[in-house]
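Data first, discussion second: the structure below is written as structure tokens.
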Amino acid sequence: MTDKPIIDHGLEGVYYTESKIAMIDGHLGRLYYRGYPIETLAQNSSFEEVCYLILYGKLPSMMELDSFNYQLRNSREINPSVLAVMTEMAQKADPMDTLRTAISMLPGYDIDAYDNSNEANMRKSIRLISQVASMTAAIGRIRGGKEYVAPDSSLSHSGNFLYMLNGAKPTENDARVIDIMMILHAEHGSNASTFTTIAAGSTLSDIYAAVTAGIAALKGPLHGGADEAALKMLYAIGEPENTEQYIEDALAGRKKVMGFGHRVYKAYDPRARIIKAFLEELQHSSSEEVKKLTAIELRAEKIMVERLGNQKGIWPNVDFFSGPVYVSVGIPLELFTPLFAASRMVGWCAHMMEYWQDNRLIRPLDYYSGELDLKYVPMSER
Ligand code: SDX
């Protein structure tokens, strides 16, 4: 037996590839997509333009963006056979399981399915970005016992998502809120779901299989599922005056407060800062529920930052402030993580195509510490 090697549990701190898509500075709390600061993109760009930037590595000209938009808008309709399976499944299964299943059906209806050329993969990526948003909205309709709403190609990506979810054209404000939230969730380097996507694709499987694996990974509460868990915590706290005691009890019980902490950010997550800015307005919301959630959230942030921020480098992450924002535009809690998947689809596809340019099968080692050369004991002697 070899000497026990140093084990980087969970691949913490391990560089497994090189990428030009996102730069995350965990100490300064900075995030860049293709060299552009996230703050600049959230303020000036659209989700469609950010998708183009992440996929092609540059901001599009007007003509390029028009052509990209045309492809996105004409890829929104859900195939009736896929919709039938979703209708059957969505009432009973977790929305992320229905979404994962629906995405994995798509190769059966895509002439490019098993063409792994970069051109075909780019076409499939654009279709996936549209399909996953339509499917997320459709799952919301089905679980609400409502009829499917067909897409409206006159609306923006975020506007159409809200239209397909609510059956009514959204206000400009609501569409812009979703647009910014999708920009903020679009890409984040080698997070668990992106790494999972790449690990699956590194076997030279196909992009549908790879992103299906990514959706499976995103579901967990340590990753994309934290946004739902964080809102559930706010409801569990109930009233603003309960906040401090609830957090103290959680920390005393060594419970993880969802929406806080990060494997890479040891500073305030820049995306959380941008989302928190929405809460300044939501404090004066006309909805009592949103006002209360916002008050609880701001108190929870304050005590968590005092207790764990500077001391342990545990700060709010992208999932912490999403709750009241999504509630304010009518997104049901159970669609938070599917909406995260709808945003991150572009990051998964871009990283997968980048990795395939210099593919290397992902196959790390595990250190075996069990017994060896045991004697087989027949059943009669066990
Ligand atoms: C996302 O990787 C990405 O980029 C992900 C993401 C993306 O865009 O793709 O940014 C999206 O997934 C954000 C993270 C969402 N998850 C959560 O909010 C779940 C709650 N957070 C924790 O589970 C945790 O912070 C992780 C999983 C996010 C990261 O944890 P690590 O790096 O594995 O750190 P750890 O669990 O080993 O914690 C180190 C210490 C521990 O204390 P000690 O045992 O050393 O005393 O910090 C404590 C932890 O108990 N800690 C927390 C905490 N997170 C860490 N204590 C209380 N509440 C927390 N949230």
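Position 1 is the first residue of the sequence, and the numbers go up from there. Indexing begins at 1, ligand by ligand and atom by atom, following the structure's order.
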If we ignore hydrogens and angles and just use 3.5 Å, is the side chain of [X] paired with the main-chain N or O of [Y] as donor and acceptor?
{"X": "Q311", "Y": "R307", "value": "yes"}
{"X": "S75", "Y": "Q71", "value": "yes"}
{"X": "R141", "Y": "L165", "value": "yes"}
{"X": "E248", "Y": "Q245", "value": "no"}
{"X": "N242", "Y": "I237", "value": "yes"}

On the ring face of Y376, is R382 found with NZ or CZ under 6.0 Å from the centre and within 45° of the axis?
-> yes
Among T197, N191, T196, find the one that has a side-chain hydrogen bond (donor to acceptor under 3.5 Å, both in side chains) with S193.
-> N191
Structural part of [X] in contact with ligand 1, heavy atom criterion under 4.0 angstrom:
{"X": "N317", "result": "side chain"}
{"X": "D319", "result": "side chain"}
{"X": "P221", "result": "backbone"}

Is there a heavy atom of [X] sitting under 4.0 angstrom from any atom of ligand 1?
{"X": "V257", "result": "yes"}
{"X": "K255", "result": "yes"}
{"X": "H185", "result": "no"}

Side-chain donor-acceptor contact under 3.5 Å, D110 with Y208 = yes
Would you tell me whether E297 and T294 have side-chain atoms, one donor and one acceptor, within less than 3.5 Å of each other?
-> no
For ligand 1, which atoms have a heavy atom of [X] less than 4.0 angstrom away?
{"X": "M258", "answer": "18 (O), 19 (C), 20 (C)"}
{"X": "I314", "answer": "47 (O), 48 (C), 51 (N), 52 (C), 55 (C)"}
{"X": "A226", "answer": "15 (C), 16 (N), 17 (C), 18 (O)"}

Shortest protein contact, [atom] (heavy atom only):
{"atom": "atom 45 (O) of ligand 1", "answer": "K312 NZ, 4.0 Å"}
{"atom": "atom 9 (O) of ligand 1", "answer": "R344 NH1, 2.7 Å"}
{"atom": "atom 35 (P) of ligand 1", "answer": "K256 NZ, 4.4 Å"}
{"atom": "atom 4 (O) of ligand 1", "answer": "H188 ND1, 2.6 Å"}
{"atom": "atom 23 (O) of ligand 1", "answer": "L222 CD2, 3.2 Å"}

Can you confirm whether some protein heavy atom lies under 4.0 Å from [atom], or whether none does?
{"atom": "atom 37 (O) of ligand 1", "answer": "no"}
{"atom": "atom 31 (P) of ligand 1", "answer": "yes"}
{"atom": "atom 59 (C) of ligand 1", "answer": "yes"}
{"atom": "atom 11 (C) of ligand 1", "answer": "yes"}

Provide the full list of salt bridge (charged side-chain N to carboxylate O under 4.0 Å, His left out) pairs with a residue in residues 161-171, sequence neighbours left out, each pair given once.
-> D152-K169
Salt-bridge present (R123, D112; N to O < 4.0 Å) = yes
Judged by heavy atoms only, the candidate from G189, G261, G225, S343 nearest atom 25 (O) of ligand 1 is G261
Is there a side-chain contact between L298 and Q283 (heavy atoms, below 4.5 Å)?
-> yes
Mutual orientation of the aromatic rings belonging to W315 and Y268 [parallel < 30°, tilted 30-60°, perpendicular > 60°] = tilted
What about D269: any of its N or O atoms under 3.5 Å from an N or O on ligand 1?
-> no
Less than 3.5 Å between some nitrogen or oxygen of R263 and one of ligand 1, yes or no?
-> yes
